[in-house]
Each structure stands twice: as structure tokens, then as C-alpha cells.
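Here the structure is laid out as C-alpha cells; the discussion comes afterwards.
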Amino acid sequence: MTENILLKDNVAGIEGYFAGGGYKPLKKALGLKPADIIEEVKKSNLRGRGGAGFPAGLKWSFIPKDAQGERYLVCNADEGEPGTFKDRELMRRNPHAVIEGMAIAAYAIGSSHGYIYIRGEFAAEAEVLEAAIAAARSKGFIGKNILGSGFNFELFVHRGAGAYICGEETALLESLEGFKGQPRLKPPFPAIKGLFGRPTVMNNVETLAAVPAIIEKGGDWYAAIGSGKSAGTKLFCVSGAVKKPGVYELPLGVTFRDLLEKSCGGMKEGKILKAVIPGGSSTPVLTAEEAWGVKLDYESLAAAGSMLGSGGVIVIPEGECMVKLLQVLARFYHHESCGQCTPCREGCGWIEKLLNRLEEGRGSSADIDNIYAAGEAMMGRTICPLADAMAMPVMSFIKKFRPEFEAHARGETCAGRAAGK
Amino acid sequence: MAFKLTEEFKARAAQVCARYPVKGAALIPLLLELQEKEGFVAEEAMDAMAQLLELPYSRVKAVVTFYTMFNREPVGKYHLQVCRNISCHMAGAPGLLERLKERLGIAEGETTKDGLFTISSVECLGACGAAPVMQVNEEYFESLTPEKLDLVLEDLRHGRLARR
């Protein structure tokens with residue numbers, strides 16, 4: 001059993017965090033060269049936990065060494081991918097790991113200003129963070145001349161106001177600057193021209209919270225946890241038809257079966273596994289057979305035709321209608337499309353309309369082909385991945401559960417079946 | 001009647017603006033604070049905010065209409081926001097929404113005559129492990145059942161906004 005690195009008990013307050021060795025890694029980091037910290041994080045193989053899985057150390061190294069003026073560090077706490085609720089739990093239970101991770105990251109990239117962009121609905125968690133930052137500031141871990149090192153780091157909590165798209169890196173930057181959250185074209189990449197036009201690094205809450213332990217125990221220690229290139233522990237958030245839904249910290253590479261049976265206590269009474277969305281609603285769905293033995297890590301899930309994503313594992317039982325569930329997701333993506341790119345704005349709308357028609361029993365087999373074709377036409381043709389995030393569930397639901405869609409096209413809708421037709 | 005920002009709000013705004021190199025970055029946090037006081041963001045309030053932060057009115061309006069948390073019209077004292085996304089859907093959110101509408105005699109987007117309740121359905125609230133979830137103002141109510149929902153409504157009628 002690997003010890004938890006992120007989700008620990010009794011560390012929410014600063015005294016408890018101290019008792020567990022908290023803020024020692026920051027002290028150690030301030031005695032190292034920034035370049036050595038980046039090397040250590042590279043060695044750890046820590047990858048972005050927000051969904052994209054980009055190597056964290058590499059991301060940090062993209063900040064131009066000769067950049068004059070301000071550089072920014074941003075923590076992405078805009079958790080909104082359906083099925084994902086890990087950052088909320090992490091911020092509540094271990095806010096100082098996030099703050100300490102940010103202070104270390106800021107020192108490594110030469111930033112003196114950081115922001116935690118948290119979704120507006122998480123008002124309680126924003127308060128937890130504000131209080132934790134104030135406590136850290138009072139102990140000299142945030143602010144001017146941290147621990148006498150001469151390093152300054154100011155950190156602020158910035159609340160969003162309800163927009164899924166702001167979880168996308170450049171949309172978040174727009175939002176943080178006080179604009180509509182519409183993603184930016186890349187290049188320039190944020191490392192060159194990010195927040196307020198300055199070099200910027202953005203990492204997910206969970207990514208940053210892993211940094212103190214990596215500095216304390218070393219990159220090699222972290223890299224040895226998990227499976228192969230997927231290093232470390234991951235927060236898996238399980239929702240749906242399981243006995244004990246919740247957030248579980250497990251080494252990457254744990255099998256879905258172990259997560260379900262050992263951590264979650266198995267399926268809910270009387271429920272049979274039908275399908276699994278393994279990494280948040282945007283990742284391709286797996287059938288029960290595909291999901292059962294799959295290892296939950298970046299490479300294994302890619303090989304299985306899906307993605308680790310955010311670690312939001314949605315467990316779908318027999319009896320749930322896949323057409324209805326896809327309709328729910330399509331409504332969501334249509335609602336959240338920022339409207340900037342035509343394939344996404346129009347595609348999400350048309351797919352939702354066609355699904356509504358199918359679900360209501362007014363659709364045809366040709367509609368199913370059109371929905372699939374629209375998904376295909378959206379993939380990779382937009383500024384940001386929201387279109388892909390819609391297309392991936394659309395295409396995988398149809399590919400793997402086509403008979404259910406065909407039954408709807410024949411007029412055998414769920415509502416009809418329920419009414420005994 | 002002309003809308004005026006209070007001196008207290010302006011002082012607070014100056015503090016928030018100081019966190020950023022440009023004032024405009026304070027727009028969203030300040031709009032949230034304004035809404036907390038006023039209950040919604042009126043056209044006049046957008047205008048006042050534009051002047052305060054020296055931004056074009058169109059920029060403020062674009063932001064207010066883009067983000068879902070901003071109410072452009074008054075809502076009830078308790079804004080009941082039921083998550084309708086996948087995990088909550090499977091856990092019975094549609095039934096909860098129906099029950100709310102029936103109990104309160106209003107449709108989605110409407111406010112009860114006594115001004116107490118507004119019903120909305122919202123997208124993922126990020127608490128899927130405790131589905132189905134409803135947010136009332138800034139409080140989360142989790143793992144709801146029809147019975148629990150009735151108790152929450154009863155509490156709210158008595159002015160008690162606390163988790164159960």
C-alpha cells in the first residue's frame with residue numbers, strides 16, 4: 001500500500017500541516033538553485049493532473065531564462081469537468097500543500113505573483129484557501145523575503161463566475177484578466193506570453209500539491225511510485241452506481257477492478273456494471289468488458305482507446321439509457337461552448353438537437369450517422385479542445401452502444417418502454 | 001433611479017484592484033461581491049462598474065452575460081440550483097427538479113410570489129461523489145433524497161440555510 005501524499009488527515013490547519021513536516025520542503029527548496037528544482041520535478045515524471053497530462057517540470061522549463069520583468073504562476077482550480085471533484089476535496093483537506101507547492105514552483109520559475117483561479121461555485125473552498133494563505137503569510141511562507149531568503153511571493157485567490165471553458169488554460173487567462181473566457185490562439189504559448197502578456201506557468205491544484213513531497217523525498221522516489229511512465233499517486237473521483245463513491249488516492253496503474261471493488265466497495269446493491277467513463281465526461285466511454293481489467297494510468301487508458309483525463313471515473317450501471325446520458329452530456333457541451341469557433345458552436349448545437357429528436361422517438365437511423373459525422377468533423381478543428389471533449393463521448397457512445405441508438409430511431413424510446421409500449 | 005456604488009464598495013474595490021497590474025482584472029471578483037449585496041447585477045450596476053474600473057460598458061455587459069453565476073434580474077431569497085449533469089442525472093436529479101417545481105408551484109427560472117425561492121437547473125457543480133447535489137445561494141446540499149429535499153425546503157422557509 002502506498003502512503004497517501006495528498007489526501008491526509010489533520011493537515012487542514014497550519015499547525016497540523018507543520019506537525020506532518022509541512023513547509024520544510026519550501027525551506028529546502030529556497031536553499032537550492034531554481035534550475036535544480038526544475039530538474040528534480042522533471043526527474044519525478046510528475047504530469048499535469050488537470051486532464052492533459054503534460055510533464056510539469058518540462059512546462060516550468062519553458063519560461064525563458066532571460067525574460068525581464070514579472071512572470072506569473074497560476075493554479076487552475078476551476079474544477080468543472082463532469083465527474084470530477086478531487087480538487088475540491090484536496091483544497092479542503094490539504095490547502096497548505098497547494099500553497100507550499102505554489103511557493104516552490106514560483107521560486108523555481110522566478111515568479112513573485114501567483115493566483116489561484118477557483119470556480120465561483122466553490123465559495124466555501126475559496127474561504128478555506130484565503131484563511132490558509134493568511135496563516136501561511138503570518139508564518140512568513142508567503143509575502144516578502146520568505147524565510148529570510150530574499151524571495152518574494154504574493155498569492156491571491158481569484159474566483160470565477162461559472163463557465164466550464166475557463167478550465168482551459170488560455171480561457172482561464174482571459175477570465176483572470178477580466179474578460180469573457182474565450183480561449184486564445186497558440187502560439188504564443190503562455191510560457192512566453194501568458195497572464196497580462198507575461199511569461200506564465202499554469203498547473204492544476206493536484207499537480208502543485210504533489211510538489212512539496214517531491215522536493216522533500218526526491219524525484220526518484222516519486223518516479224518509483226505508480227506504473228512505468230505514469231508516476232506517482234492520483235486522485236480518482238468515483239461517482240455513479242458504486243457503494244462508496246468518493247475521492248481515492250491510489251498509485252497510477254491501479255486497475256479499475258481494484259478501484260471499484262477494494263476502494264468503492266463494489267457496485268451498488270443490485271446494480272450491474274454497464275460502462276465506465278474513466279477520466280471525466282470528455283473521455284471516451286469504455287464498455288464493462290473493456291474497463292474491468294484496465295490499468296488506470298496515462299498509457300494503459302490511451303491503449304484502451306480512452307484517457308486518464310482528470311481521474312473522474314463515472315460508473316454507469318445496466319438500466320441507464322446511453323442515448324439519454326449522451327443527450328445530457330451534449331446539452332452540457334452546447335451550453336458551455338464559448339461560441340468562438342464555428343465547428344464547436346454549431347456542432348454542439350446540432351448534435352444536441354439530433355439527440356433530442358432521437359430521445360423523443362422522432363429520429364431516424366440517418367440521424368445517428370449525422371451525429372457521428374458531426375463529431376468527426378469537430379475533432380481537432382477548433383482553437384481549444386472543447387469540441388474534442390464533445391466529440392469523444394459522442395463518437396464512443398455511438399460506436400459502442402449503437403443498438404441502443406438504433407432502437408430509439410425505431411421509436412423504441414426509454415419513455416415509451418417505461419410506459420409499456 | 002440612478003444606481004450608485006457605496007463608498008464602502010469603492011474602498012473595497014480599490015483593495016481588490018491592488019492585487020492586479022490592471023484594474024480590469026478585478027471585474028469578475030467585484031461583480032460577484034456586488035451581486036452578493038444586491039442580489040443581481042442590474043444594467044445600471046454594469047454601468048457604474050464600467051465607470052469605476054474605467055472599462056467600456058460593452059466589456060462589462062459581455063462578462064455579465066457570459067458567466068452563468070451572474071443574475072441579471074432579481075432572484076428569490078433562496079436560489080435553488082439543481083445540478084443536471086451526468087452523475088446527478090443518474091442519481092435522480094430530474095425527479096428532484098420535478099419535486100421542487102411541484103412543491104413550489106413554479107417552473108424553472110421562475111420565482112415564487114413571496115420572493116423566497118427561484119429554481120434553476122445548472123451544470124456540474126463538482127461534487128459528483130455526493131450526487132444528487134443542489135446549491136442554494138453559496139451552500140451545497142449533497143446526497144439529496146426526496147425526503148431530504150423536503151426538509152431542506154422546510155428549513156429554508158424558516159430562514160435556516162444550513163447543510164443537512
Side-chain angles (χ1 to χ4, degrees), chain A residues 70 79-89 113 115 119-124 154 156-166 175-182 195-196 198 237-241 244-247 277 281 312 314-317 320 324-325 328-329 331-332 335-336 338-339, chain B residues 16-33 35-36 41 49 53 55 59-71 81 83-91 93-94 121-133 135 137-140 142-143 163:
Chain A
E70 189 56 271
E79 182 168 57
E81 170 84 359
T84 314
F85 47 99
K86 65 188 180 69
D87 295 336
R88 179 177 183 234
E89 177 106 350
H113 278 86
Y115 298 96
R119 65 178 293 175
E121 292 86 346
F122 286 174
E154 294 296 339
F156 302 105
V157 176
H158 182 104
R159 286 178 68 197
Y164 167 72
I165 189 64
C166 293
S175 181
L176 187 38
E177 291 185 17
F179 293 90
K180 292 191 285 183
Q182 293 192 314
L195 187 62
F196 306 118
R198 305 295 314 158
C237 10
V238 189
S239 65
K244 292 186 290 176
V247 184
I277 301 177
S281 66
I314 305 169
V315 178
I316 302 169
E320 286 292 344
K324 183 74 206 177
L325 293 186
V328 166
L329 292 181
R331 179 178 63 188
F332 166 70
H335 183 261
E336 302 299 336
C338 82
Chain B
V16 176
C17 287
R19 299 173 187 168
Y20 313 96
V22 291
K23 279 203 263 185
L27 178 60
I28 293 170
L30 285 178
L31 282 168
L32 283 174
E33 293 196 18
Q35 175 165 290
E36 209 172 303
V41 185
M49 195 67 93
L53 299 178
L55 301 172
R59 159 100 174 263
V60 179
K61 178 127 187 180
V63 161
V64 172
T65 52
F66 185 85
Y67 295 92
T68 54
M69 282 175 68
F70 295 122
N71 308 315
Q81 302 155 88
C83 172
R84 63 182 189 183
N85 216 297
I86 185 163
S87 302
C88 285
H89 175 88
M90 290 194 292
S121 65
V122 294
E123 294 302 350
C124 187
L125 290 168
C128 324
V133 182
Q135 188 173 18
N137 302 348
E138 289 192 333
E139 286 292 322
Y140 274 52
E142 304 177 352
S143 307
R163 285 166 214 242

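All of these numbers come straight from a predicted model, not from anything done at the bench. To find a chain, count down the sequence lines: A is the first, B the second, and so on, and within it residues start at 1. Side-chain atoms are counted along with the backbone in the values below, which use heavy atoms only and exclude waters and symmetry mates.
A distance of 11.0 Å separates CZ in A:R119 from CZ in A:R159, rounded to the nearest 0.5 Å. Between the NZ atom of A:K180 and the OG1 atom of B:T65 there is a distance of 7.0 Å, given to the nearest 0.5 Å.
With a 4.5 Å cut-off on non-hydrogen atoms, B:L32 touches chain A through its side chain but not through its backbone. Only the side chain of A:E336 comes within less than 4.5 Å of a heavy atom in chain B; its backbone stays farther off. For B:A62, the parts sitting under 4.5 Å from any heavy atom of chain A are the backbone and the side chain alike. Contact of A:K324 with chain B is made through the side chain alone, with heavy-atom distances under 4.5 Å. Contacts between A:I277 and chain B at a heavy-atom distance below 4.5 Å involve the side chain alone, from C-beta outward. Of the two parts of A:Y164, neither the backbone nor the side chain holds a non-hydrogen atom closer than 4.5 Å to a non-hydrogen atom of chain B. Of the two parts of A:V315, only the backbone, made up of N, CA, C and O, holds a non-hydrogen atom closer than 4.5 Å to a non-hydrogen atom of chain B. Only the side chain of A:C166 comes within less than 4.5 Å of a heavy atom in chain B; its backbone stays farther off. Neither the backbone nor the side chain of B:A91 has a heavy atom closer than 4.5 Å to any heavy atom of chain A. In this structure, the portions of B:R84 lying under 4.5 Å from any heavy atom of chain A include both its backbone and its side chain.
At a cut-off of 3.5 Å, with distance as the only test, no side-chain donor of A:H335 or B:E123 sits close to an acceptor on the other residue.
Cation-pi contact between A:R198 and A:F196: absent, since separation from the ring centre below 6.0 Å together with deviation from the ring axis within 45° is not met.
Between A:E177 and B:K23, none of the side-chain N atoms (NZ, or NE/NH1/NH2) sits under 4.0 Å from a carboxylate O, so this pair counts as no salt bridge. Salt bridge annotation for B:E142-A:R88: present, with a cationic side-chain nitrogen under 4.0 angstrom from a carboxylate oxygen.
In terms of heavy-atom pairs under 4.5 Å with chain B, the best-connected choice from A:S239, A:A241, A:A161 is A:A161. For the set A:G83, A:G80, A:A163, the entry with the most heavy-atom pairs within less than 4.5 Å of chain B is A:G83. Interface check for chain B: of the options A:G181, A:G312, A:C237, A:G240, the most heavy-atom pairs under 4.5 Å are formed by A:G181. Between chain A and the residues B:L27, B:V16, B:T68, the largest count of heavy-atom pairs under 4.5 Å involves B:T68. Counting heavy-atom pairs under 4.5 Å between each of A:R331, A:E79, A:Q182, A:E154 and chain B puts A:R331 at the top.
Using cut-offs of 30° and 60° for the angle between ring planes, the B:Y20 and A:F156 rings count as tilted.
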- Item | Check against side chain to side chain contact (heavy atoms under 4.5 Å, CB included), B:M49 and B:L31 | CA-CA 8 Å; B:M49 195 67 93; B:L31 282 168; 3.8 Å; yes
- Item | Trace of the side chain to side chain donor-acceptor pair (under 3.5 Å) decision for A:E121 with B:Y140 | CA-CA 9 Å; A:E121 292 86 346; B:Y140 274 52; 5.7 Å; no
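Residues forming a salt bridge (charged side-chain N to carboxylate O under 4.0 Å, His left out) with A:E320 (at least two apart in sequence, or on another chain): none.
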